[in-house]
Number of protein chains: 2
Amino acid sequence: MKRTPPKDTGEESGGTAPGGIQALDAALSVLRVLRSFDGPATLSDIAREAGMPPSKVHRYLASFIHAGLAVQKERSGRYDLGREAAELGVAAISRNNFVVRASDELEELAATTGQAALLAVWSHNGPTVVRMERGPHLTTTSIGLGSTFPLLDSATGRVFLSYLPSPQLAGRLQNELERAASVGVSWPDLNPNPESVEALTTKIRRERIAYVDGRYIPGLSAISSAITNWQGEIEVAVTLFGTHRDLLQPDSPARGALIDFAARHSIVPPAQLGNSSGVPER
Amino acid sequence: MKRTPPKDTGEESGGTAPGGIQALDAALSVLRVLRSFDGPATLSDIAREAGMPPSKVHRYLASFIHAGLAVQKERSGRYDLGREAAELGVAAISRNNFVVRASDELEELAATTGQAALLAVWSHNGPTVVRMERGPHLTTTSIGLGSTFPLLDSATGRVFLSYLPSPQLAGRLQNELERAASVGVSWPDLNPNPESVEALTTKIRRERIAYVDGRYIPGLSAISSAITNWQGEIEVAVTLFGTHRDLLQPDSPARGALIDFAARHSIVPPAQLGNSSGVPER
DNA sequence: GAAATTGATTGCATAATACGCAATAAGAAA
DNA sequence: TTTCTTATTGCGTATTATGCAATCAATTTC
């Protein structure tokens, strides 16, 4: 009796793990499906979404229930995440440090993109560099640990501009807008007024990438992306910079790698918890 | 060649699930072991704790890594919980009605009290921040999503100290008591010994408010209260914090608002169902 | 209320793979 | 550089996960 061949549909969990256990891979894809529902789900819903026969899914769910990761509601018969899922997750949250985890892989990001890379967090002085990898080509730069950036005139600053709640930004943004207006500065993609700032930040959040069309530091190009938490707030900005303007091209490999890096280090919010849009109210 | 018979040692995960999948049961017991470490662990540590051969555990970990539930640190080779575990946890928390309802009104609490506000749930690493509102005045803080707190030296920790059953607290409390005693630390309202802890927790449960007389973080004051379920067990701690020490005054409006908030989000246990005092047996 | 339909759960034969064990590779210590 | 320790991988086979059908349970229809 032949087993059905593996489905060729693009599975987000990406099929089987080399050196892993196939049954476990399949089971974990079921757990992921269970997680992706907004709330309790029927066996047939789960099986349909997982692309598996209900009897197979039922056995996986039996084990998840036994382990406390899932529960079956008595009245409706629906399955939901169990207490152990919360405990596992909160343990993971308590061990998650966005800066440390991004730092662990920053060297590799710099190496594969061929750019210098930095991490910045928000501080009293604005976006502040907390970690930096020089990468293969960077020779000299004044940017180093502790460097800060303006909000409007740097890729990193624009990322914070796009994700921080207004109260945190207010004074600093106001100062920069006034300064730019008083010396008649504007950018191809930004005029120093609130409407233009709003349009730019909407674009940055949509595209998950920021840059400055023009130059912050002569001879340097930079792109930046946000690592966000489950409230949709920015935790760290990841920035690539180097001397080649092709870094700014929409199809540059580094750009894709950066967006991917930031996404891999972000924790996506579920629909219900707080900000359903994933973006702080502005 | 016979497979080794199942270990007769009392496995907390309770062996195999009727109607489940044995490999999955075993793998999930490994995941539970990984969770139980305070941080990254070596393969041999995990295998020893799980009572399994390292090669078997390695294969399970390969699948967990593939699914994003675990990561292996490049430098140390140690294994830790991954991003998918965190996202699973956030999803599971978002199905906890106590957390969801408190989250829905957290922003308002922060606004009306003028303080930053946070929600913390218990994890293996202690009280862990799962939700946070910065409020009108907080600009920078090292407290963020995923932050954990000590039991004795934080308002949030003291709330959990007052409501969690002793077995859950035992190791962590013991460590903190020993550490405080060894460096000669004490607080105006707490000496590092069990009797003093008992008196403090009784007071906290009576008043439904906890704070630290002294400072956990210099310049920050915090008060915390428990949201409890129908069995009188703590589900979430709600904490207000800010830079003004008047937050700690017994007549401060924020204090009253916090106690009211927690009470409104708690379920009063029915008097006829056991614990009429609403306190878990200690 | 009975019959039909739908969804959940379980039994069973067997194809598939999880497993133990040993070998190999990689990393750390001397 | 050598030795020791830990992590990872190969492989034969014993074990079990699986597909399919049957059974059970719940819901819907008449």
Side-chain angles (χ1 to χ4, degrees), chain A residues 1-7 11 13 15-31 33-34 37 39-67 70-80 82 104, chain B residues 1-7 11 13 15-31 33-34 37 39-67 70-80:
Chain A
M1 201 164 278
K2 283 280 171 77
R3 297 267 161 84
T4 51
K7 275 191 164 277
E11 292 186 53
S13 60
T16 61
I21 302 290
Q22 292 183 51
L24 178 54
D25 297 328
L28 294 179
S29 71
V30 169
L31 186 61
V33 162
L34 183 60
F37 285 100
T42 64
L43 175 69
S44 43
D45 286 342
I46 299 164
R48 189 178 306 115
E49 199 62 40
M52 291 188 210
S55 66
K56 185 177 180 181
V57 170
H58 186 263
R59 290 190 172 102
Y60 292 146
L61 288 171
S63 288
F64 287 136
I65 287 167
H66 184 77
V71 291
Q72 189 174 19
K73 313 277 176 144
E74 277 205 15
R75 280 200 215 122
S76 63
R78 286 169 179 260
Y79 296 87
D80 204 354
D104 286 346
Chain B
M1 195 164 284
K2 282 275 171 79
R3 297 261 161 88
T4 49
K7 276 190 165 276
E11 293 186 50
S13 61
T16 62
I21 302 292
Q22 290 183 51
L24 179 53
D25 297 329
L28 293 179
S29 70
V30 170
L31 187 60
V33 162
L34 183 59
F37 287 99
T42 64
L43 175 67
S44 43
D45 286 341
I46 299 165
R48 188 178 307 115
E49 200 62 38
M52 292 189 211
S55 66
K56 185 180 183 181
V57 170
H58 186 264
R59 291 192 172 99
Y60 292 146
L61 288 171
S63 288
F64 288 135
I65 288 167
H66 184 78
V71 291
Q72 189 176 19
K73 311 278 177 144
E74 275 206 17
R75 281 200 213 124
S76 64
R78 286 169 177 260
Y79 296 88
D80 203 359

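Each chain gets a letter, A, B and so on, in the order the sequences are listed, and its residues count up from 1.
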**Q** Give the rounded distance in Å between these two atoms: CG of Leu43(A) and P of dC24(D).
**A** 19 Å

**Q** Given dC19(C), dT10(C), dT8(D), identify the nucleotide with an atom nearest to the side chain of Lys56(B).
**A** dC19(C)

**Q** Closest heavy-atom contact between Pro18(A) and His66(B)?
**A** CD-ND1, 4.4 Å

**Q** At 4.0 Å (heavy atoms only), tell me whether Ser55(B) reaches a base, stays on the sugar-phosphate, or touches nothing.
**A** base

**Q** Backbone N or O of Gly77(A) within a donor-acceptor pair of the Gln72(A) side chain at under 3.5 Å?
**A** yes

**Q** Using modelled atom types and a 3.5 Å cut-off, is there a donor and acceptor pairing between side-chain atoms of Thr42(B) and backbone atoms of Arg78(B)?
**A** no

**Q** Measure CG/Leu24(B) against C1'/dA17(D) and give the value in whole Å, please.
**A** 11 Å

**Q** Between Lys73(A) (NZ) and dA26(D) (P), how many Å, whole number?
**A** 18 Å

**Q** Would one find a side-chain N or O of Tyr60(B) under 4.0 angstrom from OP1 or OP2 of dC19(C)?
**A** yes

**Q** With no hydrogens and no angle check, is any side-chain donor or acceptor of Thr16(A) less than 3.5 Å from a backbone partner on Gln22(A)?
**A** no

**Q** I want to confirm an ordering. Mapping Pro18(A) and Ala23(A) to their closest nucleotides on DNA chain D, which one lands closer to the 5' end?
**A** Pro18(A)

**Q** When you measure from the side chain of Arg59(A), which nucleotide among dT9(D), dC19(C), dT10(C) comes out closest?
**A** dT10(C)

**Q** Check every atom of dC20(D), dA8(C), dA17(D) against the side chain of Tyr79(A) and return the nucleotide holding the closest atom.
**A** dA8(C)

**Q** Which atoms form the tightest heavy-atom contact between Asp25(A) and Ala17(A), and what is the distance?
**A** OD2-N, 2.9 Å

**Q** Send over the distance from Leu61(B) CG to dA18(C) P, rounded to a whole Å.
**A** 15 Å

**Q** Output yes when at least one side-chain N/O atom of His58(A) is less than 4.0 Å from OP1 or OP2 of dA8(C), else no.
**A** no

**Q** Return the value, rounded to whole Å, for the distance between atom CD1 of Ile21(B) and atom P of dA16(C).
**A** 17 Å

**Q** To the side chain of Ser44(A), which of dA7(D), dG7(C), dT9(D) is closest?
**A** dG7(C)

**Q** Pick the closest DNA chain C nucleotide for Ser76(B) and for Thr42(A) by heavy atoms, then say which residue is nearer the 5' end.
**A** Thr42(A)

**Q** Between dA16(C) atom P and Asp25(A) atom CG, what is the distance in whole Å?
**A** 18 Å

**Q** What is the distance from CZ of Arg78(A) to P of dT27(D), rounded to the nearest Å?
**A** 11 Å

**Q** Please pick, from dT9(C), dC12(C), dA17(D), the nucleotide with the shortest atom-to-atom distance to any side-chain atom of Gln22(B).
**A** dA17(D)

**Q** Could you tell me how far apart Glu74(B) (CD) and dA7(D) (C1') are, to the nearest whole angstrom?
**A** 15 Å

**Q** If only side-chain N and O atoms of Gln72(B) are considered, is one of them under 4.0 Å from the OP1 or OP2 phosphate oxygen of dA7(D)?
**A** no

